[in-house]
Amino acid sequence: MNYVGENKLFTWYHTVAKPPRLSDAALLAEVHQQCVEFHAEEYVLPPEKTLSGREERYAYRSENIGACGASTGFMYF
């Protein structure tokens, strides 16, 4: 997976998530996992993990380019 503009995601996450926070690599892995699991282009942070106590969401775009086993995935934040 290739990530584009991931620093925007990291900045958002560090302003809404309460400690202990995920590392940048763990956050990207979790975003990717939610994308695969729920087929949604939105990362959801549950209320118990936020400073506000409310569910927080971050929209992004993803795409696969290519075919026949030679595809490359991109996530744009």
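Residues passing the side-chain hydrogen bond (donor to acceptor under 3.5 Å, both in side chains) test with Arg57 are Glu42, Glu55, sequence neighbours excluded. Applying the side chain to side chain contact (heavy atoms under 4.5 Å, CB included) criterion to Ser52, with sequence neighbours excluded, gives Thr50, Arg54, Glu56. Not a single side chain to side chain contact (heavy atoms under 4.5 Å, CB included) links Pro20 to another residue, sequence neighbours left out.
Linking Ile, Leu, Val, Met, Phe, Trp and Tyr whenever their side-chain heavy atoms come within less than 4.5 Å leaves Ile65 and Met75 in two separate clusters.
Side chain of Lys18 to main chain of Glu48: a donor-acceptor pair is present (N/O by atom type, distance under 3.5 Å, no hydrogens or angles).
Membership of an apolar cluster is not assigned to Val36, as no side-chain contact below 4.5 Å to another ILVMFWY residue is traced.
What you find for Ala17 and Leu51 is that their closest heavy atoms are O-CG, 3.7 Å.
Residue pairs meeting the side-chain hydrogen bond (donor to acceptor under 3.5 Å, both in side chains) criterion with at least one member in residues 58-67, sequence neighbours excluded, are Glu41-Ser62, Glu63-Tyr76.
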Hey, can you pull the donor-acceptor pairs under 3.5 Å for the side chains in residues 6-14, sequence neighbours left out?
| unit_1 | atom_1 | unit_2 | atom_2 | d |
| --- | --- | --- | --- | --- |
| Thr11 | OG1 | Asn7 | O | 3.0 |
| Tyr13 | OH | Leu22 | N | 2.8 |

Under 3.5 Å, sequence neighbours excluded: what are the donor-acceptor pairs made by side chains of residues 26-33?
| unit_1 | atom_1 | unit_2 | atom_2 | d |
| --- | --- | --- | --- | --- |
| Glu30 | OE2 | Tyr43 | OH | 2.3 |
| Gln33 | NE2 | Glu37 | OE1 | 3.4 |

